[in-house]
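Below: the structure, in structure tokens.
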Amino acid sequence: MLDQRLLRDNPELIRQQLARRGLELDPNLQGKVRQVRDLEEQRSNLQAEGNRIGREVGQRIRAGAQADGQELASLREEGNQIKSQVAKLEEQEKELEAELRKQLEVLPNLPSAHSPEGRSEADNVNVKTWGEPRRGPRADGSPLEEHWQIAERLGLVDTERSVRIAQSRFITLLGQGARLERALINFMLDRHSAAGYGEVMPPILVNTASLTGSGQLPKFAEESFKCAEDDLWLTPTAEVPLTSLHRSEVLAAEQLPLRYTAYTPCFRREAGSYGRDTRGLIRLHQFNKVELYWFCHPDQSDAAHEQLTRDAEGVLEALELPYRRIELCCGDLGFSAARTYDLEVWLAGAGAYREISSCSTCADFQARRSDIRFRDGKKTKLVHTLNGSGLAIGRTMAALLEHGQQDDGSVRLPAVLKPYFGGDRLLAEL
RNA sequence: GGAGAGGUGGCCGAGUGGUCGAAGGCGCAGCACUGGAAAUGCUGUAUAGGGGCAACUUUAUCGAGGGUUCGAAUCCCUCCCUCUCCGCCA
């Protein structure tokens with residue numbers, strides 16, 4: 001959420017920054033903020049007067065006056081009048097404030113000064129490329145297979161039965177496939193833990209306050225699955241429970257940065273993506289992900305963003321998967337993000353780079369929504385929060401399959417996975 | 001699911017209608033004492049918003065929301081949460 005004080009004092013700045021995302025600032029908003037402030041002032045002045053009367057009545061009673069006597073009748077009357085006036089102002093104030101909040105909650109974060117200008121994906125900036133993309137065809141002239149072909153052929157997944165169990169866009173992993181998924185989760189968690197991230201296994205049903213705190217609600221309700229009978233939703237990313245891990249807390253400055261890693265399943269409706277990526281592991285309603293998350297001092301957040309991104313890249317490098325780092329332009333930034341690097345892994349069979357991680361700094365946007373502060377001398381300040389995938393497991397498996405496919409039909413796995421998977425190859429005949 | 005108990009400041013805990021934003025203790029910070037420390041003593045120690053250069057001042061907040069009252073942590077209603085016992089369950 002944006003800073004109301006900033007909106008009051010410097011609406012022009014907000015207008016300019018939102019414009020970089022291609023959004024217009026409602027010109028009424030500033031007036032509304034001021035109106036709420038004025039009502040607040042009137043109301044609190046009246047309340048001060050009411051409190052004074054209350055105190056005076058108390059004093060007179062202690063001095064011997066009759067509580068319900070004639071002497072205090074006029075004071076009681078005055079108190080009653082103030083009370084009804086306050087009630088009226090309060091009603092207006094509440095209404096206006098609710099309106100204001102509704103408008104503010106759907107405004108996205110302001111882009112960072114570093115974020116490049118641009119309207120869409122096409123304006124994103126390629127920051128770096130790592131590794132040599134593998135390209136077909138094979139020695140025998142046939143093209144490289146796509147991961148879903150390999151997965152079906154090796155019996156790693158069962159697509160049809162997954163529909164029977166749930167519906168389309170759900171996958172069942174079998175045998176070596178299930179084992180590889182588990183190996184990847186463990187490998188990533190171990191790696192991040194060793195780098196100093198605290199391991200967390202949070203609830204994956206989260207309440208409305210948690211989703212609002214990290215920015216998924218109220219604007220993106222249609223993207224999440226909701227439990228009908230409860231105030232609980234299936235988390236779309238571990239970012240949600242991790243943000244709320246410290247919701248409404250005041251952290252000690254010495255604790256910062258707090259760094260966490262969490263494996264969770266993630267659930268997304270993928271509304272509006274019908275027909276896209278219908279095969280394989282790329283776009284599912286349920287997928288596994290290992291997340292990285294930082295709570296840090298505002299002064300540290302740029303360096304933290306680079307470090308977090310490096311930690312995610314480190315996983316790709318350890319897995320020997322070629323990738324590139326893309327910096328999102330203002331127009332392509334997610335709702336809560338001020339600045340984002342997407343990591344795109346090379347899918348050798350598809351012959352394209354695909355997003356496998358998104359590393360964002362949200363500055364104080366989520367911290368303000370979630371009320372997460374730290375003690376800064378006498379005062380408290382909002383922390384900065386950062387999140388990134390490290391990595392999406394299904395897409396990692398897809399990349400490994402396409403990258404490691406061999407002419408004999410097997411798939412060679414990177415050496416680091418051997419202790420986790422128990423082998424360095426997915427075999428064709430099992 | 002059934003029965004009961006309870007939600008007060010960083011923590012413990014007192015407080016059943018009137019200077020209560022809240023006694024006392026612990027913790028923490030500063031000062032004194034000490035060669036240094038412990039112990040001891042003194043002082044200070046919630047958050048958010050408004051006004052003010054500041055000292056300061058004002059409003060709100062004792063789980064949440066309503067109500068009674070001139071006045072509510074304290075009385076009434078609704079909801080949420082936590083704990084204990086029983087049942088069920090991986």
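- Considering only residues two or more places apart in sequence or on other chains, His192(A) meets the ring pair (Phe, Tyr, Trp, His ring centres under 6.0 Å) condition with Tyr197(A).
- Look at G6(B): its Watson-Crick or wobble partner, with both distances under 3.5 angstrom, is C81(B).
- Pairing partner, A46(B): U61(B), with both Watson-Crick or wobble hydrogen-bond distances short of 3.5 Å.
- Look at CG on Asp3(A): it is 13 Å from C1' on A48(B), rounded to the nearest Å.
- Side-chain contact annotation: Arg43(A) with Gln47(A), donor-acceptor N/O pair under 3.5 Å present.
- Between Phe421(A) and Phe187(A), the ring centre distance reaches or exceeds 6.0 Å.
- We find that Glu145(A) and Arg153(A) are joined by a salt bridge, their nearest charged nitrogen and carboxylate oxygen being less than 4.0 Å apart.
- Pairing for U19(B) is absent, with no Watson-Crick or G-U wobble pair whose two atom distances lie under 3.5 Å.
- Contact check of residues 80-87 of chain A against RNA chain B (heavy atom, cut-off under 4.0 Å) returns Asn80(A), Lys83(A).
- The stretch residues 249-259 of chain A has no heavy atom under 4.0 angstrom from RNA chain B at all.
- Separation of the P atoms belonging to C11(B) and C80(B) is 25 Å when rounded to the nearest angstrom.
- The pairing partner recorded for G36(B) is none, the criterion being a Watson-Crick or G-U wobble arrangement whose two distances lie under 3.5 angstrom.
- For G24(B), the paired nucleotide is C12(B), the pair qualifying as Watson-Crick or G-U wobble because both relevant distances are below 3.5 Å.
- Here Arg60(A) does not reach the OP1 or OP2 of C70(B): none of its side-chain N or O atoms lies under 4.0 Å away.
- For Asp332(A), the side-chain hydrogen bond (donor to acceptor under 3.5 Å, both in side chains) partners are Asn124(A), not counting sequence neighbours.
- Base pairing analysis places A54(B) opposite nothing; no Watson-Crick or G-U wobble pair with both distances below 3.5 Å involves it.
- Here Glu90(A) pairs with nothing under the salt bridge (charged side-chain N to carboxylate O under 4.0 Å, His left out) rule; sequence neighbours left out.
- Remark: the Arg179(A) side chain and the Gln176(A) side chain contain no N/O donor-acceptor pair separated by less than 3.5 Å.
- Pairs engaging residues 284-309 of chain A under the salt bridge (charged side-chain N to carboxylate O under 4.0 Å, His left out) rule: Lys289(A)-Glu291(A), Glu306(A)-Arg325(A) [sequence neighbours left out].
- A donor-acceptor contact closer than 3.5 angstrom is absent between the side chains of Ser193(A) and Asp190(A).
- The distance between atom CD of Glu91(A) and atom P of G67(B), rounded to the nearest whole Å, is 10 Å.
- A donor-acceptor pair shorter than 3.5 Å can be found between the side chains of Ser301(A) and His384(A).
- In this view, Phe287(A) satisfies the ring pair (Phe, Tyr, Trp, His ring centres under 6.0 Å) rule with no residue, not counting sequence neighbours.
- Rounding to whole angstrom units, NZ of residue Lys379(A) and C1' of U45(B) are separated by 15 Å.
- Taking the P atom of each, C76(B) and U16(B) are spaced 14 Å apart, rounded to whole Å.
- Remark: Arg375(A) is in phosphate contact with U47(B), judged by side-chain N or O atoms under 4.0 Å from OP1 or OP2.
- Atom CD in Glu97(A) sits roughly 12 Å away from atom C1' in A48(B) (whole-Å rounding).
- A donor atom on one side chain and an acceptor atom on the other are not found under 3.5 Å apart for Tyr341(A) and Ser357(A).
- G6(B) sits 15 Å from C12(B) when the C1' atoms are compared, rounded to a whole Å.
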* To do: Any chance you could lay out the side-chain hydrogen bond (donor to acceptor under 3.5 Å, both in side chains) test for Arg339(A) and Ser112(A), step after step, and finish with the verdict?
  => CA-CA 6 Å; Arg339(A) 185 183 191 191; Ser112(A) 148; 4.8 Å; no
Just the atom pairs and distances: protein N or O near nucleotides 50-52 of chain B's N or O, under 3.5 Å.
from	atom 1	to	atom 2	distance (Å)
G50(B)	OP1	Arg8(A)	NH2	2.7

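- Sequence neighbours left out, the pairs with a member in residues 262-278 of chain A that pass salt bridge (charged side-chain N to carboxylate O under 4.0 Å, His left out) are Glu270(A)-Arg283(A), Asp277(A)-Arg283(A), Asp277(A)-Arg354(A).
- In summary, the side chains of Asp342(A) and Ser358(A) do present a donor paired with an acceptor at a separation below 3.5 Å, with no hydrogens or angles considered.
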* Could you check Glu105(A) against Thr212(A) for side-chain hydrogen bond (donor to acceptor under 3.5 Å, both in side chains), going step by step and ending with a plain yes or no? => CA-CA 8 Å; Glu105(A) 271 179 343; Thr212(A) 305; 5.6 Å; no
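- Distance CD (Glu77(A)) to C1' (C70(B)): 10 Å, rounded to an integer number of Å.
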* **Contact pattern, 5' to 3', of nucleotides 57-65 of chain B - B, S or - by protein heavy atom under 4.0 Å** => -SSS-----
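- For the C1' atoms, the distance linking A48(B) with U43(B) amounts to 27 Å, nearest Å.
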Throw together a table of side-chain donor-acceptor distances under 3.5 angstrom for residues 77-87 of chain A, partners on residues two or more places apart or in other chains.
from	atom 1	to	atom 2	distance (Å)
Glu77(A)	OE2	Gln81(A)	NE2	3.3
Ser84(A)	OG	Gln81(A)	O	3.0

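- Taking atom P on both A32(B) and G36(B), the two are 11 Å apart, rounded to the nearest angstrom.
- In this model, no donor atom of one side chain and acceptor atom of the other lie less than 3.5 Å apart for Thr172(A) and Arg161(A).
- When Watson-Crick and G-U wobble pairs are counted only if both distances are under 3.5 Å, G41(B) pairs with C31(B).
- A5(B) and C77(B) have their P atoms separated by 15 Å, given to the nearest Å.
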* Structure fact -> The contact string for nucleotides 75-81 of chain B, one letter per nucleotide 5' to 3', using protein heavy atoms under 4.0 Å with B, S and - for base, sugar-phosphate only and none, comes out as -------
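- For the pair Gly50(A) and Thr380(A), nearest-nucleotide mapping onto RNA chain B gives the more 5' position to Thr380(A).
- Using Watson-Crick or G-U wobble geometry with both donor-acceptor distances under 3.5 Å, G1(B) finds its partner in C86(B).
- For U82(B) and A64(B), the C1' atoms lie 15 Å apart once the distance is rounded to whole Å.
- Only the P atoms considered, C62(B) is 28 Å distant from G52(B), to the nearest whole Å.
- For Ile61(A) and U19(B), the CD1 to P distance is 11 Å, given to the nearest whole Å.
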